[in-house]
Amino acid sequence: MGACLGVCSLLSCASCLCGTAPCLLCACCPSTKSSTATRLTFSIFLLLGTLVACIMIIPGVEAGLQKIPWFCSTSTTIAGSVQCDSIVGHEAVYRMCFALAAFFFLFMLIMICVQSSRDPRAYVQNGFWFFKFLILVGITVGAFFIPHGTFTTVWYYFGMVGGFIFIIIQLILIIDLAHSWSQSWLNLAEDGNTKCWYAALLICTFLLYAASITAIVFLYIYYTKPDNCTPNKVFISLNLIFCVIVSIVSILPKVQDAQPHSGLLQASVITLYTMFVTWSAMANVPEQVCNPTLLAIVNNSTSSNTPAQWWDAPSIVGLVIFILCTLFISLRSSNNTQVNKLMQTEDGSGESGVPITEDGMHRAYDNEEDSVSYSYSFFHFCLFIASLYIMMTLTNWYLPGQSGQPLTSPWSAVWVKIASSWVGLLLYLWTLIAPLVLSDREFN
């Protein structure tokens, strides 16, 4: 919490904090749109909170948190059976992410149905950053005074729902990015250097599929046994079959006629991400014999003052993807009309030039003079569920205080991740066959 206050105090030194987002970011992003600057500033709030949450599970910091009597002590229990000091880092992450989620949920409610930049709430969205920092810090401090009891257990299930939704949003963004990547390189191939760009497409597709095949092999080696681990075998095999199906569908002649830019590059990106989600799900299987990456504290029924080691490979990869998707939401608008409708953002194609001042320099400019260019409320909803997702990622989706154990890795976490991978594959399959099924509609 001290780290959070320190970061916020540094930021509050800037005189622009009471002004607009372009004022904050014009030095480092001189040609940005005002709407992009605002989204990026809110995302920095989220990333700073994530940084603080990461710091709180560093063993040295976690040991320091154990010494705070009003937050956690040996006499404090969670769910009536687990001593708080054995999972103090887990508790701190939950409270930090609760503060972030509450902050963005508050703004989601405030910004409902803002249609015009002349709405007074639009000024709140795009300015008063110093006061927003104070609100976030206040919520964070208050979160650390929430009684333990069943708070963590209840908030875990909120996090599970939010994590599921955010994985789907990640998949939508990755699908859109894959389509844009392929379309861009195919357009470049048509303009010139055809062999060079087609070779680049082929090499990238091969590397992505090679990485996916390698991941599948390792999943079978480390997360299955010849005479055991049947659920793991089923989940891995099903996702392998589904990825093969969408890859075949992506190159069918009718699909190619309807969508000339569809192909194996997009399918390879989706396949690799599906393998990551499958890997993450296998890392939550609660049986040690079928899950060698299960952290030791999950199976340790005795309380210990030794801080738990939270980091594992799926969490680190998930954190990197989370950061990239958060920046993606903030900085980029899709060239696809359907994606923009779904994400409620402005059209990224055909943007006008950036205004230039008398001294020849680019400056941040207002692109919301007449109406808002994205849904303020939906943007805050995305950051709200992103806060829940990062909470689950940093704590490995472990449930505290069940069956007398400090932490458990429930099957529900496995099912949530596997189900989200299936929904993502279904969404990608729909992007391929939708022009054939709905032939009377325009699909850009």
Side-chain angles (χ1 to χ4, degrees), residues 7-50 99-140 169 323 325-334 340-341 343-348 351-357 361-387:
V7 170
C8 292
S9 64
L10 287 174
L11 288 171
S12 64
C13 292
S15 61
C16 277
L17 277 176
C18 292
T20 61
C23 174
L24 280 172
L25 299 176
C26 61
C28 56
C29 304
S31 61
T32 190
K33 297 177 290 187
S34 61
S35 62
T36 302
T38 296
R39 285 183 291 179
L40 183 58
T41 307
F42 273 114
S43 296
I44 290 173
F45 275 49
L46 175 60
L47 295 178
L48 285 175
T50 301
L100 290 170
F103 175 78
F104 292 119
F105 186 76
L106 173 64
F107 276 89
M108 181 189 76
L109 295 179
I110 293 174
M111 299 300 163
I112 289 177
C113 296
V114 174
Q115 303 293 333
S116 171
S117 57
R118 295 181 178 85
D119 190 313
R121 292 175 293 172
Y123 295 101
V124 176
Q125 169 77 1
N126 297 309
F128 303 103
W129 297 102
F130 175 74
F131 299 103
K132 291 173 183 174
F133 268 111
L134 290 182
I135 292 172
L136 178 57
V137 172
I139 297 174
T140 302
I169 289 181
I323 293 172
C325 285
T326 300
L327 294 176
F328 189 94
I329 292 172
S330 305
L331 297 175
R332 185 181 182 276
S333 296
S334 174
N340 284 322
K341 286 181 180 179
M343 299 299 295
Q344 300 190 38
T345 56
E346 71 269 35
D347 190 354
E351 295 180 352
S352 58
V354 179
I356 302 177
T357 58
M361 298 294 292
H362 294 297
R363 289 290 180 263
Y365 63 100
D366 186 4
N367 65 322
E368 295 187 314
E369 294 179 353
D370 299 320
S371 62
V372 298
S373 61
Y374 65 101
S375 171
Y376 293 170
S377 185
F378 185 78
F379 172 71
H380 288 295
F381 171 75
C382 289
L383 297 187
F384 165 68
I385 61 173
S387 304

Residue pair Phe379 / Met111, side-chain heavy-atom distance below 4.5 Å: no

Partners of Ala386 by side-chain contact (heavy atoms from CB on, under 4.5 Å), sequence neighbours excluded? Leu46, Phe166, Phe322

Going through the distances and angles, do Phe128 and Leu134 end up as a side chain to side chain contact (heavy atoms under 4.5 Å, CB included)? CA-CA 10 Å; Phe128 303 103; Leu134 290 182; over 6 Å; no

Nearest heavy-atom approach of Leu136 to Ala99 is CD1-O, 4.1 Å

Would you name the heavy atoms of Phe104 and Ser387 that are closest together and state the gap between them? CD1-OG, 3.6 Å

Distance check, rounded to the nearest 0.5 Å: Leu383 atom CG versus Phe378 atom CZ? 10.5 Å

Quick one: does Leu109's side chain get under 4.5 Å of Leu106's, heavy atoms only? no

Can you check whether Ile139 reaches Leu100 side chain to side chain, under 4.5 Å on heavy atoms? no

Nearest heavy atoms of Lys132 and Gln125, plus distance in Å: NZ-O, 2.8 Å

Using 30° and 60° as the class boundaries, would you call the ring planes of Phe103 and Phe42 parallel, tilted or perpendicular? tilted

Pairwise side-chain contact, Thr38 with Trp129, heavy-atom cut-off 4.5 Å (strictly under): yes

Atom pair CG (Asn126) and CZ (Arg39), whose distance is rounded to the nearest 0.5 Å: 11.0 Å

Atom CG of Leu47 and atom OG1 of Thr326: how far apart are they, to the nearest 0.5 Å? 5.5 Å

For residues 120-130, which residue pairs qualify under salt bridge (charged side-chain N to carboxylate O under 4.0 Å, His left out), counting only residues two or more places apart or in two chains? Asp119-Arg121

Taking the six-membered ring for Trp and the full ring for Phe, Tyr or His, determine whether the centres of Phe45 and Phe133 are under 6.0 Å apart. yes

